[in-house]
Asker: 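Let me give you the structure first, and then I'll get to my questions.
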Amino acid sequence: MKLILCFLFVVFSLNAWANDDKSQTILYVRGESELKVEPDQVTIVLGVTTQNKTAKRALADNSRLMQKIITALVQQGIDKNDLRTQRFGVHPIWSSRPRSSSSSEEWKSKITAYSVNNTLKVVTSKMELVGELVSAATTAGANQVQSINFGLANPREYREKAIASAIKNAKEDAGFVAKSSELKVVGIKKIHLDNAAASIERVQAASFSRSALSAKADIAPPIKAGDITVRASVSVEYFLSSK
């Protein structure tokens, strides 16, 4: 209801000024805000790649290891609903051309093996378990830790706070400029939301690739999240008049 009343007021102000013969003073203001929020959700992407002479054996090896990984994660307190397959593929491995081959007709590429890759995404609010999850997964057979991203479970909540703060900053700046110019703000001509979004805190690969893949069951790599930055910016055009 408040938004509807505000919209009607803006329309009324525009009409009033459109019918006024007096000169108009327009002030353009850009309001910005930046919030620092502690993340409450982490997304970990783990993978396991296996190779074998036949696709059947490569797939069986991969499935066995992935099941061990899932079991290990569940034992750490992760709900199965927080686990999902992100990518899966079976690819042939072709033989390479020998250096001694002089004629292209003498050699033909053949399938020598098969590679199976299965990527698992873990999304959880149990921030304190990140190191333990990586350790448990790699111990169970994961040979890839593709990414660890910290974020917000409900980014819109903080996005709205950032927008409100940006509008407040724009209003305060407009009031200061008007007062300094011996004018006053009497209405709004236009409001435009330029940008409003929450960032994602990414853990750099170098910070966990060496330690995570060699982690023992009783040693969890130390992984700590930084704050999430939520930014918003608005552009507002105000009507000014003399006091």
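Everything quoted here is computed from the prediction, not taken from an experiment.
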Asker: Taking atom types as modelled, find out whether Asp61 and Ser63 have a side-chain donor-acceptor pair closer than 3.5 angstrom.
Answerer: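 Short answer, no.
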Asker: Kindly indicate whether the side chain of Lys80, heavy atoms from C-beta on, has any atom under 4.5 Å from the side chain of Val74.
Answerer: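 In short, these two side chains touch, coming nearer than 4.5 Å.
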Asker: Hey, any chance Tyr238 and Leu183 share a hydrophobic cluster, counting ILVMFWY side chains that come within less than 4.5 Å of each other, even indirectly?
Answerer: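 In one cluster with Tyr238: Leu183, yes.
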Asker: Should Val186 and Ile26 be counted in the same cluster of Ile, Leu, Val, Met, Phe, Trp and Tyr side chains packed under 4.5 Å apart?
Answerer: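 Yes, Val186 connects to Ile26 through the hydrophobic network.
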Asker: Should Leu59 and Met66 be regarded as members of a common hydrophobic cluster, given that ILVMFWY residues are connected when their side-chain heavy atoms come within less than 4.5 Å of each other, either directly or indirectly?
Answerer: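 No; Met66 is not reachable from Leu59 via cluster members.
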Asker: Do Ile78 and Val122 have side chains that get closer than 4.5 Å, going by heavy atoms?
Answerer: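 A side-chain contact under 4.5 Å exists here.
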Asker: Charged N to carboxylate O below 4.0 Å: is that the case for Glu128 and Lys126?
Answerer: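 Salt bridge flag = no for Lys126 with Glu128.
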Asker: Checking Lys36 against Thr229: is there a side-chain donor and acceptor pair closer than 3.5 Å?
Answerer: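 Side-chain D/A pair, Thr229 to Lys36: present.
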Asker: Going only through I, L, V, M, F, W and Y residues with side-chain contacts under 4.5 Å, is there a path from Val48 to Val116?
Answerer: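 Cluster IDs for Val48 and Val116 differ.
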Asker: Could you go step by step and tell me if Gln51 and Ile93 meet the side-chain contact (heavy atoms from CB on, under 4.5 Å) rule?
Answerer: CA-CA 9 Å; Gln51 293 183 7; Ile93 300 175; 3.4 Å; yes
Asker: Between Ser235 and Asp194, is the side chain to side chain donor-acceptor pair (under 3.5 Å) condition met? List the steps.
Answerer: CA-CA 7 Å; Ser235 300; Asp194 298 325; 2.5 Å; yes
Asker: Examine distances only and state if a side-chain atom of Asn118 and a backbone atom of Gly47 form a donor-acceptor pair shorter than 3.5 Å.
Answerer: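 Looks like no, no N/O pair under 3.5 Å.
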Asker: Determine, using the 4.5 Å side-chain heavy-atom cutoff (strictly less than), whether Val45 and Phe150 are members of one ILVMFWY cluster.
Answerer: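 Cluster IDs for Val45 and Phe150 differ.
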